[in-house]
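Okay, structure first, notes after.
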Amino acid sequence: MKSGVPKGENCLVDMDSKAGDLFSAEPADAAGSGGVMGSLPLKELDGLPPWLSALPHRLWLPKGLSPGVAKEWFDRRRASIRPWAGFVDHRKFTKPRNFGELCQRVVRNFDTYNSNYTFIFLGLILYCIISSPMLLIALAVFVGAFYIIHLKSLESKLVVFGKEVTGPHQLGLAGAVSFPVFWLAGAGAAVFWVLGATMFVIGSHAAFRELEGGSEMEELFMEPV
């Protein structure tokens, strides 16, 4: 009686094809494609920005984190943005009457303008990077170091201090290589600047922007239960 279990060399090939963990690259197929981007359907790659779809197919990405997922998140955020004209309408900004109203405004406005605040945060990060050439150089060094390390790991196992360097460790190794450049670029100060500017801009808007529905909505939330 023939069993469906592969034997000998075929068994070893089958087991090797199934090996891998959360952060390993996907096995390459006969056409030579591999990695997360290599496993994406062409219709998913067609809708991506040119710079994203041009990335090497074998570039390491954790499973579940793919260009398609990033694009879906971006589109969902963009679709839920409140109109910017109403967002910055100066007639809708008033001083809270008391601390309770202030808290109500902050909570409700964070929920209402969540997507707007997200893009403000991303815009501040982009401005900080563009306005600092050294940060751009540091990011380029980090990306280049990670890419070179990843290519070396695809050619053969990369071993450091007797341990194989896997996906997450490759990021750490690239970060260690580029850390002096980030330190020279003042990355720590840039992070604190972005956080401070974000808290000031978003916090001020959430505190002084009237709730959707005007004073009637605010009075409704301030009524005692």
Side-chain angles (χ1 to χ4, degrees), residues 22 36-37 40-41 43-55 61-133 135-136 138-139 142-143 171 182 185-225:
L22 179 63
V36 175
M37 292 192 67
L40 284 175
K43 62 181 181 180
E44 290 190 26
L45 292 176
D46 290 340
L48 297 177
W51 65 270
L52 195 56
S53 59
L55 287 175
L61 284 174
K63 293 181 179 179
L65 180 60
S66 65
V69 174
K71 181 179 182 298
E72 181 183 353
W73 177 87
F74 183 84
D75 291 341
R76 189 167 59 248
R77 285 291 181 182
R78 186 173 57 180
S80 61
I81 288 180
R82 293 300 182 106
W84 290 103
F87 180 80
V88 297
D89 187 358
H90 67 278
R91 295 170 298 179
K92 298 292 185 179
F93 288 85
T94 58
K95 181 181 177 181
R97 289 171 293 185
N98 50 53
F99 182 73
E101 183 180 350
L102 173 66
C103 294
Q104 290 289 351
R105 284 187 178 186
V106 170
V107 173
R108 293 288 299 178
N109 282 330
F110 265 105
D111 183 60
T112 303
Y113 299 105
N114 184 272
S115 294
N116 298 70
Y117 294 154
T118 299
F119 279 95
I120 288 176
F121 175 66
L122 295 178
L124 289 172
I125 293 177
L126 184 62
Y127 170 78
C128 184
I129 294 175
I130 293 176
S131 62
S132 176
L135 274 180
L136 287 174
L139 287 174
F142 172 76
V143 173
L171 284 174
F182 276 106
V191 169
F192 281 108
W193 182 90
V194 170
L195 292 178
T198 301
M199 292 177 63
F200 176 77
V201 174
I202 295 178
S204 299
H205 183 276
F208 292 98
R209 178 60 164 83
E210 293 181 356
L211 299 180
E212 289 291 325
S215 58
E216 295 181 359
M217 182 64 68
E218 293 185 353
E219 291 176 0
L220 177 62
F221 279 103
M222 292 300 296
E223 288 180 358
V225 179

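Here the structure is a predicted model, which is why all the values come from computation and not from measurement.
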Look at atom CZ of R91 and say whether more than 12 heavy atoms of other residues, nucleotides or ligands are closer to it than 6.0 Å.
-> no
For the pair N109 (side chain) and R209 (backbone), establish whether a donor and an acceptor sit closer than 3.5 Å, ignoring hydrogens and angles.
-> yes
Are side-chain heavy atoms of V201 and F121 found at a separation under 4.5 Å?
-> no
Measure the CD-CD distance between E212 and E210 for me, rounded to the nearest 0.5 Å.
-> 10.0 Å
Would you give the length of the straight line joining atom OG of S132 to atom CH2 of W193, rounded to the nearest 0.5 angstrom?
-> 11.0 Å
Any side-chain heavy-atom pair from R105 and T94 closer than 4.5 angstrom?
-> yes
For the residue pair N114 and T118, establish whether any side-chain heavy-atom pair is separated by less than 4.5 Å.
-> yes
Could you tell me whether the side chain of F93 reaches within less than 4.5 Å of the side chain of H205, counting heavy atoms only?
-> yes
Shortest non-hydrogen contact between P96 and A207, atoms and distance | CG-O, 3.4 Å
I202 to I120 - nearest heavy-atom pair and separation = CG1-CG2, 4.4 Å
S115 to I81 - nearest heavy-atom pair and separation = CB-CG1, 3.9 Å
Heavy-atom count around F192 CZ within 6.0 Å, excluding the residue itself: above 12?
-> no
Determine whether C128 and L135 make a side-chain contact, defined as any pair of heavy atoms from C-beta on separated by less than 4.5 Å.
-> yes
Using the ring-ring contact (aromatic ring centres under 6.0 Å, His included) rule, pick out the option among Y113, F74, W84 that qualifies with F119.
-> F74
Step by step, would you call F142 with L171 a side chain to side chain contact (heavy atoms under 4.5 Å, CB included)?
-> CA-CA 9 Å; F142 172 76; L171 284 174; 4.1 Å; yes
Which is it for T198 and Y117 under the side chain to side chain contact (heavy atoms under 4.5 Å, CB included) test, yes or no, and what are the steps along the way?
-> CA-CA 9 Å; T198 301; Y117 294 154; over 6 Å; no
